[in-house]
Structure formats: C-alpha cells, structure tokens
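Worksheet for the structure shown next.
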Amino acid sequence: MVGRMESGDTITIAWIHSFLYLFLIFASLHLLHTHLILPKLDVDRHDVRIKKIAPLPLRFRSDGTFKILQVADMHFGNGELTRCRDVLDSEFKHCSDSNTSRFLERMIQLENPDFVAFTGDNIFGTSASDAAESLFQAFNPVIKSGIPWAAVLGNHDQESTMTRAELMSFLSLMDFSLSQTFPSVEDTFNPNKKTPIPKIDGFGNYNLKVWGSPGSSFANSTILNLYFLDSGDRATVNGVRTYNWIKESQLNWLRQISEKSQATS
Ligand SMILES: *[C@@H]1O[C@H](CO)[C@@H](O)[C@H](O)[C@H]1NC(C)=O
Ligand SMILES: *[C@@H]1O[C@H](CO)[C@@H](O)[C@H](O)[C@H]1NC(C)=O
C-alpha cells in the first residue's frame, strides 16, 4: 500500500528539510571559519604583547636621594658566543658577553638604583649578527630588575642590522624603558615664541624629569632634568675620518627647554 501523507506530515518534513539545510550551511560556515580563517588571524591564537611600563613619574626617595647607575660600552654581541676582548689569555676561554650580563646584574642588585642610564655602544655592531637579539640580551638584566632605564647610542650601535632611528624606536618599545627617539611634545614647543622648534639632528634627544620626594615641599615639582643627546657616530671632515659631534640644533633645543624649565620652577 502506498502511504498517503496528510498535509500536516508534508509540512513537518519540509520543515525538517529546511532545518537540516540551515544546519548544513551553519556547519559549513563554522568549519570554514575554524579551519581556514582563524589560523590566518594571529590575534586569536597568540597573546598580544604589551610593553611593561615603569612606575612613573621618576621621583626622589623620601630620604632625598635619587640614585642613577650609568652603564656605558657594554659592547654586546652574540651573547655566549662572543668572546671578551682585552682579557688575559688564561681568562679568554671562559669569558663572553654573559660575563657582562652577570656584572650588570650584580651592579643592579648591589646598588639598587632608582634609574639606569645606558650611554652608548650598548651593542657592538661587528659582533652582533642580529641587532634585535643583541638588544634583548644586553638589556635583559635591567628589564628583569623592573627598574626604569633609558639609553642613547654610541658610534658602534648602528653597525649591526638596524639604523640609529630603528635602534632608538626599538629601545623605546622595550620593557621599563623611558628611551625616546625624539623629544616629547611638551619639550619641543617654545611657549614664548609660539613657534615649533626646528628639526633637531640625531635620534635619541630627550628630557626625563625627576620629581621631588613624596610628602616634601617639592612633591609636585620636577627638580631634576636628565637631558639625553645623540652625539652621533662617525664623520669625515676635510678627508679626515673622525667622530661625529653634538650639533647646533641640539644645543638650541637644550637651551630652549632648559630656559623654559627654569622659568617655570
Ligand atoms: C666569566 O664568567 C665565568 C663564569 O662565571 C667565570 O668563570 C670567569 O672567571 C669570568 N671571566 C672574567 C674575566 O671575569
Ligand atoms: C601636591 O598635590 C597634592 C594633590 O593636589 C596636594 O594634596 C599636596 O598638598 C601638594 N603638595 C605640595 C607640597 O604642594
């Protein structure tokens, strides 16, 4: 016997068909999304890395001190693989960039500074095959300490795989770094003349302000300015190879902002 369907059954089956059809479309879209689209969107798979910010502002301690550890000429290369220079033959075998790292770690622990200033030749271009990797290793001790720090460049930093501009922007993005490629906006405007200060030569010209001790009468004022200037790398003058120097544009900037801060204090 051929079954006769009631109209109610016809509607139910049609409804089930539509449902299955919709389910199929949904399942296909879901598969397409998870297998083809998501793997291409990195943000869904990896943690987004955000720069760790130093506790700001820089401030004198309650006892009225502010301790700066200055570190120059780390000359960092490829870490463990880069041998020390200027050591005794007997020391050569067991001396590498790691000794520099351990030395910096010990200094930071012993001195417990409020701020660390790196004043150039942080990495040594000819021994550093990847500038970014060398920078990560060179600044690892200070980053691990969580102490605010800032750096400028020497004449060797740019001899690896980054230009001076690239190095400064990389440094400014590292954890707990207060390094800047250019002065802050508040340090580039001359309030008296109401005109922007002309372009400043170099990369790594900036001013960091240190505030007075908490609870003191200077608590709401900056009482120390740390000026960083880019003294460049090398230059040839009248056919003679020599070092570069701080330019008039940088001195003008320095004069103008220091006058401005004296006027407001
Ligand atoms: C470098 O570090 C190693 C391991 O701690 C040590 O044995 C060696 O004496 C250090 N070299 C120098 C020159 O300090
Ligand atoms: C600094 O500012 C805070 C908050 O405005 C205020 O309570 C305090 O009295 C100020 N201290 C001084 C020394 O001016």
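As the structure lists them, so they are numbered: ligands from 1, and atoms in each ligand from 1.
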Stepwise side-chain contact (heavy atoms from CB on, under 4.5 Å) test for I123 and L135
CA-CA 7 Å; I123 63 172; L135 290 169; 3.8 Å; yes
Is there a donor-acceptor contact under 3.5 Å linking the side chains of [X] and [Y]?
{"X": "N205", "Y": "D230", "answer": "no"}
{"X": "S98", "Y": "E80", "answer": "yes"}
{"X": "S101", "Y": "Q137", "answer": "no"}

Closest non-hydrogen atom pair between L208 and L178, with its separation
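Minimum heavy-atom contact is CD2-O, 3.7 Å.
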When you pair each N or O of ligand 2 with protein N or O atoms, which pairs come out under 3.5 Å?
{"unit_1": "ligand 2", "atom_1": "2 (O)", "unit_2": "N220", "atom_2": "OD1", "d": "3.3"}
{"unit_1": "ligand 2", "atom_1": "2 (O)", "unit_2": "N220", "atom_2": "ND2", "d": "2.4"}
{"unit_1": "ligand 2", "atom_1": "11 (N)", "unit_2": "N220", "atom_2": "ND2", "d": "3.0"}
{"unit_1": "ligand 2", "atom_1": "14 (O)", "unit_2": "N220", "atom_2": "ND2", "d": "3.2"}

Interfacing atoms of ligand 1 (cut-off 4.0 Å, heavy-atom, [X]):
{"X": "H94", "value": "1 (C), 2 (O), 3 (C), 8 (C), 10 (C), 11 (N)"}
{"X": "N99", "value": "1 (C), 2 (O), 3 (C), 8 (C), 10 (C), 11 (N), 12 (C), 14 (O)"}
{"X": "R102", "value": "1 (C), 2 (O), 3 (C), 4 (C), 5 (O)"}

For the residue pair H75 and F124, categorise the inter-ring angle as parallel (less than 30°), tilted (30 to 60°) or perpendicular (more than 60°).
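If you compare the ring of H75 with that of F124, the planes turn out parallel.
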Please confirm whether F139 and F118 have ring centers closer than 6.0 angstrom.
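Between F118 and F139, which both carry aromatic rings, the centre distance is below 6.0 Å.
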